[in-house]
Amino acid sequence: MTFALPARLHALLGPASTRARWVSAMGVVLLGAIAARLYTQQVGDPIFPVDDAYISLHNAEVLFAGDDTHFVGTPALVGSTSALHVVLSAVFQLFFEPLWAQWIVMILGGVAFALAVLRLAFVLGASAPEALLMVAASLVVGQIPHQLANGLETSWALAGLTLAIAASRDGSGPRWQLPVVCALLPYLRPELVVVSGLLMLQRTVTDLRTDRAEALRTVKIFAAALAPWVLLYLLTVGSLYPNTIQAKKFFFAEGCFDPAFKADSVRNAFVAFGKELGFIGYAAVLLVLTLTGWVGIVFAGVFAYAYFTNFPGALFHYEQRYMYVLVPWVLYAVGTLIGKRHVATRAAAALLFVVAIVQNGPEVAPRWQFHSLCNAFTRVELDGVATWLANNAAKRKILLHDAGYVGYFVDAPMADMVGLKTPASIPPHRELTWSQCGAGRQQAIHDIALHEQPTFVVVLAGWDGIYRIIDGLRARGWTLEPRYQHHYVVYEVTGRPST
């Protein structure tokens, strides 16, 4: 018995037999279904391990509501790195409860990543077993299971980048795929604008050599797909890119550190990331074999330099989640061996994927246990402080730095001292914290507090130990009394400076 697929689906999946496509696609769907079932074993509503996930959730609600009653006057997309992720969550909120809507978007992102890897494998000429090995490896390397379930845009960024790489190598697929995906990449993750521009340049130059009309059509499709997102950001944020970049850069003020220290930080981040991936990480050297691979090399270089210049420490944040945009390039590097079509190189590719599975497979359970612990932190610590605030601080102004969970669940006016959700907090950090290489941070927070006039200040004890937020406020005339003390500490403002 054989199955006939529509011509468009044939083109989408790439060169392989019909039965192989079905077997592989069914395998991926089965893996996704198992992952979803395991995740739904939790009790109650979905829990996300990263506080920033609740910023996206909050922004998705505000996108349709049109008015933010917590961060008054703040446009919906402010504080979110990915416009596309927020829009997807907002659309699903039309049909599901908000938490479940974002959970579904998260699960679909993981499935989309697996299907994009499947497509890449077929484009590179993989057989069904080779494609399934590639997909299996992609779902276990490093902290991928945790990152796919972090509630943020990570899974969709991985899916979009993988699909863009596949479309750039597919000479027989629909011509609109590459320009459309490239238009979306910067609004999945801002740093992917580099990949978007380079892949579009590569395709346009290639087309100009053979068909100028085709090159013009490709550029027009790219511009048409890009325009709605540019307009959305201009109308809601007033810029072409997310404010999260500037807010974190100025608050943490690591860009002014000693260059040798920053270089060590970036190098250590890449070394740590390589250890997480295992032996397959070394396969990145194979990117030199193809022109598309060189796009990945240039991207990695620009990526490293950008973080070196602005915020090297971010490469370690949230289990190095920003680093995971490099995973599709590693997968592609190994996949290029399949494209050589020699028995030895194909065997080498299969062996590398098997080694990745063998190395990382036993680590999936303990890494997932770590993911569960992160969820438990949300369930206990974030929910604990949010519950206290909901019962004791309703309708009174709150100044905080983790603006996600509390910002979503607590019905009170708030201000974010970092600037993710309160853009007015960015200038003080630019003028004081950044310009003085962190020395002016306490003064900046004092100025923000004077402007916002909060009744409560919420800090994470670990952050306060590093940045001395409460000590800085007290030294400038604020009287702060602790009312709730766990990992998060709530201080009530009982006295204010006269000026």
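Hydrogens, waters and symmetry mates are skipped; everything else that's a heavy atom, side chains included, is used.
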What closest approach, in Å, do [X] and [Y] show between heavy atoms, and which atom pair accounts for it?
X	Y	answer
Ala149	Trp368	CB-CH2, 4.0 Å
Gly160	Val181	O-CG1, 3.4 Å
Ser138	Ile144	O-CG2, 3.3 Å
Pro228	Ala225	CD-O, 3.5 Å
Gln93	Ala60	NE2-CB, 3.3 Å
Pro98	Leu57	O-CD1, 3.3 Å

For the atom pair [atom1] ([X]) and [atom2] ([Y]), what is the distance rounded to the nearest 0.5 Å?
X	Y	atom1	atom2	value
Ile357	Leu139	CD1	CG	9.5 Å
Phe370	Ser372	CZ	OG	10.5 Å
Phe222	Ser196	CZ	OG	4.0 Å
Leu315	Asn268	CG	CG	10.5 Å
Ile221	Cys182	CD1	SG	12.0 Å
Asp402	Met417	CG	CE	9.5 Å

Should the pair Trp229 and Tyr187 be assigned to parallel (<30°), tilted (30 to 60°) or perpendicular (>60°) ring geometry?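 Rings of Trp229 and Tyr187: parallel, as their planes differ by under 30°.
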For the pair [X] (side chain) and [Y] (backbone), establish whether a donor and an acceptor sit closer than 3.5 Å, ignoring hydrogens and angles.
X	Y	value
Gln177	Ser168	no
Ser82	His85	yes
Thr345	Leu337	yes
Lys262	Pro312	no
Asp51	Gly404	yes
Lys421	Phe71	no
Glu254	Gly313	yes
Asn360	Ala137	no
Thr422	Ser425	no
Gln246	Ile426	no

Run the side chain to side chain contact (heavy atoms under 4.5 Å, CB included) check on Leu331 and Met134 step by step: do they pass? CA-CA 7 Å; Leu331 297 172; Met134 189 169 176; 4.0 Å; yes
Distance flag, aromatic centroids of [Y] and [X], threshold under 6.0 Å:
X	Y	result
Phe92	Phe95	no
Tyr322	His317	no
Phe48	Tyr405	no

Do [X] and [Y] have side chains that get closer than 4.5 Å, going by heavy atoms?
X	Y	result
Thr433	Phe252	no
Val325	Phe303	yes
Tyr318	Pro49	no
Val62	Asp67	no
Leu148	Thr154	no
Ser56	Asn59	no
Tyr305	Val302	no
Ile165	Trp329	yes

Would you say the side-chain atoms of [X] and [Y] include a donor-acceptor pair closer than 3.5 Å?
X	Y	value
Thr81	Glu153	no
Asn150	Gln147	yes
Asp68	Thr74	no

Check this for me: Phe279, atom CZ, are more than 12 non-hydrogen atoms of other residues, nucleotides or ligands nearer than 6.0 Å?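 Atom CZ in Phe279 is not crowded, with 12 or fewer foreign heavy atoms closer than 6.0 Å.
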Please lay out, stage by stage, how Glu61 and Ser89 fare under the test side chain to side chain contact (heavy atoms under 4.5 Å, CB included). CA-CA 8 Å; Glu61 281 197 327; Ser89 182; over 6 Å; no
Hey, are [X] and [Y] close enough for a salt bridge, meaning a charged N less than 4.0 Å from a carboxylate O?
X	Y	answer
Lys248	Asp52	yes
Asp170	Arg119	yes
Arg175	Asp207	yes
Glu130	Arg346	yes

With sequence neighbours excluded, give me every salt bridge (charged side-chain N to carboxylate O under 4.0 Å, His left out) pair touching residues 272-286.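 The answer is Glu276-Arg367.
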Using the ring-ring contact (aromatic ring centres under 6.0 Å, His included) rule, pick out the option among Phe251, Trp434, Phe250 that qualifies with His429.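 Answer to the ring-ring contact (aromatic ring centres under 6.0 Å, His included) test with His429 among Phe251, Trp434, Phe250: Phe251.
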Would Lys249 pass as a cation-pi partner of Phe311, given that its NZ or CZ must be under 6.0 Å from the six-membered ring centre and within 45 degrees of the axis?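 Because its charged atom misses either the 6.0 Å distance or the 45° angle limit, Lys249 does not stack over Phe311.
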Using the side chain to side chain contact (heavy atoms under 4.5 Å, CB included) rule, take Trp156 and Arg189 through it: C-alpha gap first, then chi angles, then the decisive distance, then the call. CA-CA 9 Å; Trp156 285 100; Arg189 282 212 60 83; over 6 Å; no
Would you please test Leu120 and Leu124 for side chain to side chain contact (heavy atoms under 4.5 Å, CB included) and show each step? CA-CA 6 Å; Leu120 176 60; Leu124 295 175; 4.0 Å; yes
Verify side chain to side chain donor-acceptor pair (under 3.5 Å) between Thr290 and Tyr332, making sure each step is shown before the conclusion. CA-CA 10 Å; Thr290 65; Tyr332 169 72; 2.8 Å; yes
